[in-house]
J.: 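I'd like to ask you about the structure that follows.
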Amino acid sequence: MKLFILVCVLGLSLAANPRLQKMEEMLNDLTRQLVSQQFYVEERIRSDGDSGIKQVRRLSAGTDSFNSETTSAIHSHPNYKDVIGFGEVNAVLNGVEFRTRHNDYSLEMPSLHKANYHLTEKIPYPQVPPSVTAKHTVPEQIAEMKEYFRAFRLQNSTIRNYKPYFKPVLCYMEGNWEWDTKHLHEPFHSETHHLDAMDYDNLADKVRLMSYTGMNDLHEDLAFLPKKIMDIDSNGKPRYAQWIYRILCNPIHSDVPLKVFKPIDDVAFRVTRKYNMSTYSRTEEARFTVAASANQAEFDEHEGYGKFEDRAYAKGLLDSLMHGVPGANNYRGGQHDTEFNHTALVAGEGRDRPENTARYHREYKLHHGMQINQRGFSDSNLWMAQNHQNKVASVILRSCKTVGTLKTNCTSTTEKFSYAIPLEIIYLNPLHSWNPYNLDMKNESEVTENGRKGDSHNANLAYKGISTLHFYQTPVEFFGNVPGQDVGVLDPKGAIHRVMASGIQTILPKIPGVGEVRQRWPIYPLHREGDSVGKEADALLEMLNHMSSMSPIFQEPATQGKHETVQPDLHFRLTSSHMNPLDRHDHEFFVPATDWEQLLKNDVWVHVLTAPTEGENQESHSHSLQIRLDKHTHKPIIQKCDDQNGKCWDGHTDFEQVTFHEF
Ligand SMILES: *[C@@H]1O[C@H](CO)[C@@H](O)[C@H](O)[C@H]1NC(C)=O
Ligand SMILES: *[C@@H]1O[C@H](CO)[C@@H](O)[C@H](O)[C@H]1NC(C)=O
Ligand SMILES: *[C@@H]1O[C@H](CO)[C@@H](O)[C@H](O)[C@H]1NC(C)=O
Ligand SMILES: *[C@@H]1O[C@H](CO)[C@@H](O)[C@H](O)[C@H]1NC(C)=O
Ligand SMILES: *[C@@H]1O[C@H](CO)[C@@H](O)[C@H](O)[C@H]1NC(C)=O
């Protein structure tokens, strides 16, 4: 009640009190300045690099900078039924830098039928091929299942028609601003992690304390999600927006052949481990690039991925894959961008048709013709999608006509966007559905009751069925009896079976007769790749890795046989002098080897400036020398020192060559 009266009094007196009015104006200006300050930071980050992953949690240090972790957060939890291991990262999306919690996401996609904000549903796993279930014994099923894996591994549909059972999904990280509700809601599902705070302010306080103390939140359940003033309404009141991100997956309805992937060299990681490319591509840390189109790539059966030439493109396979991903309107929310009376059209097509801007895209065209525009200024990975969700915060542009001093006919323009980057393509396989021993799905406490720990010899200690966190149903023989990786599980009749984890993993254990099968193909971009120095470094690395095929573009190809190599500079010292008032001192100087050769051969004078030297009580000084050959002895001498002939003003008359001594 008291507060209400106070507000009334303030309101009444405001118009009358010029001082209050002045303060209100000042506050308005300051708020505007805050908005522009925030924008300045975003612009700075935008020009520093692309949307992409920036850092991961450091776990080790070393003698060299590259000995610590670089950018991989991918790991596996195959014993969990629905966990895709992905650690904490610093990421940038359209200039907004944020830090995630430990992500460990699950296989969910935007709602297929409803447009509700952030409504999701589970992605179904592929079924077991009927030719496998038709077999009567488990060994027969294993043999048949292996044929499907062999067909996938070799990308050969003649062996088995594997495509309906190895379904690719594109997992992506999406971010957008939300009108601030203070209430913290979990942006996406994880079996094992959730944001650990009461509300956004509490989350921000916790993260600040962790950053201040350098401590790691034990459960890795904190995230740094920025907040900003998004808009100042017509009354001058700031409206706040909260950054929010999530990780979802989108089923790809066409086949994506493995030949479209090629490993991107991470030389820092390779040098640390001394791995060649082949070994590196078989690690969880490996990252891949996607070919411009599938028919430009060739499958390398030995390596299990593609070979193709690097090239620039305006619109590639990755754009088609991302265009299948909807923004915050989910799959049903088609939308066209018609801002400023121009409709965004589909890029890269002769005929004009409006782009469905509710799907993620990074290119569009505005006018008739072929000119392709890219979203953003310099960001190569700025995929954007439009939506009309009330919750999504957006910039509001107000424009009014001014008649005299009156503003009339004001219009406001808003468009709402979210941003996304691709993270990885995961091939779902039938192992998730294949349960040849008919093991029962139970709750955790039942599976591990009375100290059961998966012993494969003692029925009293074997797991009693399987569960979300004890997801073991693949017969150990499928992977060829790998010792130590299997567990014992009781079937409903009480018989014990040796089984292996069946969840999603980056690289499956080696399957005899099939080989190594990679399930997860990380394709996420890096923030630093958008920096011009980063681009130079990547190009340089490419040249060094392919020295012979790239030799035509080296300025001086590294040839074998007779060739000139660089020589180190020659190192000299002026003989010391000690002329009053100077203490005894000398000076050093360096002459390029080619200059010295010219002097000795052709008597071309050498001009050098010595290094400065200071005595105890003097300011430092240096000397300008002209060196030439003596007419009689043909030995190099000081012709001139600081405009004096033959010697320096403080007594130096000669010099000697300094050579290295080996200890
Ligand atoms: C695919 O597999 C079939 C059957 O094993 C084989 O005859 C054929 O040569 C294979 N194709 C390729 C391209 O390797
Ligand atoms: C890469 O290194 C592995 C392990 O040292 C070796 O077996 C393999 O032959 C090498 N591959 C190539 C292409 O050199
Ligand atoms: C859009 O077109 C209308 C009608 O042609 C015009 O009045 C309006 O000023 C245009 N708006 C912009 C932003 O160009
Ligand atoms: C404002 O809009 C009204 C209605 O559209 C129109 O009649 C009027 O001329 C406009 N005024 C100005 C100053 O443009
Ligand atoms: C697990 O399942 C058993 C049997 O269905 C039930 O009695 C028990 O309450 C369940 N425990 C939990 C934690 O849900």
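Read the numbers this way: they start at 1 and go in the same order the structure lists the ligands and their atoms.
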J.: Determine, using ring centers only, whether Tyr245 and Phe188 are less than 6.0 Å apart.
T.: yes
J.: Nearest heavy atom to atom 8 (C) of ligand 1 wins, so pick from Leu154, Thr158, Asn156.
T.: Asn156
J.: Would you kindly say whether Thr100 and Glu88 are connected by a side-chain donor-acceptor distance under 3.5 Å?
T.: no
J.: Would you say the side-chain atoms of Asp491 and Asn438 include a donor-acceptor pair closer than 3.5 Å?
T.: no
J.: For Asn79 and His470, test the side chains for any donor-to-acceptor distance below 3.5 angstrom and give the result as yes or no.
T.: no
J.: Identify, for atom 5 (O) of ligand 1, the protein heavy atom at the shortest distance, and state residue, atom and that distance.
T.: Ile159 CG1, 4.0 Å
J.: Yes or no, since that's all I need: does a protein heavy atom fall within a distance strictly under 4.0 Å of atom 2 (O) of ligand 1?
T.: yes
J.: Classify the ring geometry of His432 against Phe471: parallel below 30°, tilted from 30° to 60°, perpendicular beyond 60°.
T.: tilted
J.: Using protein heavy atoms only, decide if any is under 4.0 Å from atom 11 (N) of ligand 1.
T.: yes
J.: Could any protein non-hydrogen atom be found less than 4.0 Å from atom 14 (O) of ligand 2?
T.: yes
J.: Hey, which atoms in ligand 5 end up nearer than 4.0 Å to a heavy atom of Asn443?
T.: 1 (C), 2 (O), 3 (C), 8 (C), 10 (C), 11 (N), 12 (C), 14 (O)
J.: For ligand 2, which atoms, with element, lie under 4.0 Å from some heavy atom of Thr279?
T.: 1 (C), 2 (O), 3 (C), 4 (C)
J.: What is the closest protein heavy atom to atom 9 (O) of ligand 2, and at what distance does it sit?
T.: Asn276 ND2, 4.8 Å
J.: If you have a sec, work out which protein heavy atom is nearest atom 4 (C) of ligand 5 and how many Å separate them, to one decimal?
T.: Glu446 OE2, 3.6 Å
J.: Side chains of Glu147 and Tyr162 only: does a donor on one sit below 3.5 Å from an acceptor on the other?
T.: no
J.: I'd like to check Met109 versus Thr120 (side-chain heavy atoms, cut-off strictly below 4.5 Å). Are they in contact?
T.: no
